[in-house]
2 protein chains.
Amino acid sequence: MLPEPYDLLPTTARQSQTIATGDVLFRQGARTLGLYVLKTGRVHLERVGPNGERLIIHRATSGTSFAEASVFSERYHCDAIVMDAGALIRIDKSAVLAGFANPDFARTYGRQAAQQVQAHRQIMEIVGIRRAEDRVMAGIVAGLLEGTVVDFAARLQLTHEATYRALRALVEAGRVNNPSRGTYRLA
Amino acid sequence: MLPEPYDLLPTTARQSQTIATGDVLFRQGARTLGLYVLKTGRVHLERVGPNGERLIIHRATSGTSFAEASVFSERYHCDAIVMDAGALIRIDKSAVLAGFANPDFARTYGRQAAQQVQAHRQIMEIVGIRRAEDRVMAGIVAGLLEGTVVDFAARLQLTHEATYRALRALVEAGRVNNPSRGTYRLA
DNA sequence: TCTGGAATATGATTTCAATCATATGCTGCC
DNA sequence: GGCAGCATATGATTGAAATCATATTCCAGA
């Protein structure tokens with residue numbers, strides 16, 4: 001199903017569509033239609049700087065929403081380009097704006113957003129840790145190691161090699177257990 | 001005055017207080033009172049991991065709010081410790097929750113939160129750029145260089161030395177102008 | 001006006017993560 | 001069953017940012 005809080009909006013507010021690599025969902029300056037929930041595939045949000053520099057704003061991954069702020073804007077402020085084919089749901093801007101009149105939707109939206117902000121702040125703190133070993137340890141303590149080590153490394157802004165080495169060092173220091181190939185947990 | 005959207009809440013929902021270094025605003029597990037807007041000073045949010053590891057969750061700076069998610073929780077999930085003396089305003093949890101019944105407050109909250117999420121995503125993308133010179137350039141294009149270079153460096157998760165060197169390299173490459181000591185802008 | 005602290009700025013050295021390379025195990029699929 | 005692709009894992013080398021050091025400028029405040 002749709003992630004909170006958008007599951008509370010009328011089903012008429014959603015449009016499913018499949019996307020192919022290279023598709024452009026919207027362009028900087030185009031009138032805003034709403035936000036998107038990516039089911040599968042990959043989408044990049046890119047902005048062109050004042051002197052023509054391309055700048056990636058965000059890389060959306062499966063299960064996440066993007067362009068939420070477009071709901072409060074007349075025009076998109078970046079391009080959305082499909083990197084890997086997949087599927088997504090577009091959620092009407094007007095439905096979201098109307099949804100804020102429903103305290104249930106509004107509170108759920110607020111809770112989700114506040115938790116997301118907190119998670120971002122924590123990741124930024126962790127990414128600011130210089131030593132790979134300390135960073136990986138903090139990432140584990142924060143519960144960021146749930147999927148593959150490769151994904152974990154990307155979230156920590158480390159190469160997977162550096163992450164594997166740090167994991168091994170932590171295991172050798174007795175701070176982390178490695179019960180089986182590819183699984184690590186706090187000692 | 002108070003930053004959006006909290007300026008829309010009744011003044012009775014606010015309590016001003018001064019804070020001294022070492023003060024503890026709340027502890028992990030304590031009943032939640034609400035969120036805070038820091039006027040001056042510095043506050044750290046810290047969490048204790050399952051095995052007793054101290055982990056900084058967030059470092060709040062002047063003019064920003066923190067513990068927003070506590071509004072949706074029974075207990076605080078981290079400690080708030082004053083690092084530098086200053087002043088702050090506490091905003092009642094119940095007033096915020098009640099505020100969501102007001103569509104104007106709810107939409108303003110939603111807009112603020114969505115924009116903050118976007119800003120965080122962009123900073124995370126920029127921080128993921130490995131080369132200091134590219135990172136600094138992206139930071140400038142994104143408009144992150146507004147205060148001091150020292151603050152800019154901290155936002156980029158670079159040392160200020162590395163940032164100064166990157167700025168000099170960008171100036172020498174003609175990509176950035178340095179009209180006067182301490183001021184840099186796109187060429 | 002003097003002084004202390006912070007920002008600006010840059011040089012020298014070190015360290016440690018990125019990069020490059022290689023190997024193995026696992027999984028899905030043709 | 002075999003092959004392709006990916007995650008896991010680790011070694012060797014390189015490169016670039018951190019660290020350490022130092023100097024100047026600027027500003028606030030005593």
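- Remark: side-chain polar atoms of B/Y76 are paired, donor with acceptor, to backbone N or O of B/L33 under 3.5 angstrom.
- At a threshold of 4.0 Å, the pair A/R121-B/E68 counts as salt-bridged, since one of the basic side-chain nitrogens sits closer than that to a carboxylate oxygen.
- Heavy-atom distances to DNA chain C give each of B/V149 and A/R131 a nearest nucleotide, and the one nearer the 5′ end belongs to B/V149.
- Among the atoms of the strands shown, only primed sugar atoms or phosphate atoms (P, OP1, OP2) are found under 4.0 Å from some heavy atom of A/Y184.
- The side chain of A/T148 places no N or O atom within less than 4.0 Å of a non-bridging phosphate oxygen (OP1 or OP2) of D/dA7.
- The residue among B/L158 and A/V150 whose nearest nucleotide of DNA chain D is located toward the 5' end is A/V150.
- Regarding B/D134, its CG atom lies at a distance of 9 Å from the P atom of D/dA17, rounded to whole Å.
- Between A/R181 and D/dT8 there is no side-chain N or O to OP1 or OP2 distance below 4.0 Å.
- Under the 4.5 Å side-chain heavy-atom criterion for Ile, Leu, Val, Met, Phe, Trp and Tyr, B/I19 and B/L2 are members of distinct hydrophobic clusters.
- Ion pair A/R168/A/E172 flagged as a salt bridge, since at least one NZ, NE, NH1 or NH2 atom sits closer than 4.0 Å to an Asp/Glu carboxylate oxygen.
- Summarising the geometry, the separation between NE2 on B/H160 and C1' on C/dA9 is reported as 10 Å, rounded to the nearest angstrom.
- The residue among A/Y164 and A/R130 whose nearest nucleotide of DNA chain D lies closer to the 5′ end is A/Y164.
- No donor-acceptor distance shorter than 3.5 angstrom exists from the side chain of A/S65 to the backbone of A/Y36, with no hydrogens or angles considered.
- Across all strands shown, A/R165 has heavy atoms under 4.0 Å from base atoms, whether or not it also approaches the sugar-phosphate.
- Regarding B/R135, its CZ atom lies at a distance of 8 Å from the P atom of D/dA17, rounded to whole Å.
- One finds no side-chain N or O of A/T159 lying less than 4.0 angstrom from the OP1 or OP2 phosphate oxygen of C/dA17.
- Rounded to an integer number of Å, the gap from CG of A/D84 to C1' of D/dG5 is 15 Å.
- The side chain of B/E161 has D/dT19 as its nearest neighbour among D/dT10, D/dA7, D/dT19.
- Between the CD1 atom of A/I129 and the P atom of D/dA18 there is a distance of 15 Å, given to the nearest Å.
- With rounding to whole Å, B/L167 atom CG is found 13 Å from D/dA17 atom P.
- A straight line from CD of A/Q157 to C1' of D/dA17 spans 16 Å, rounded to a whole angstrom.
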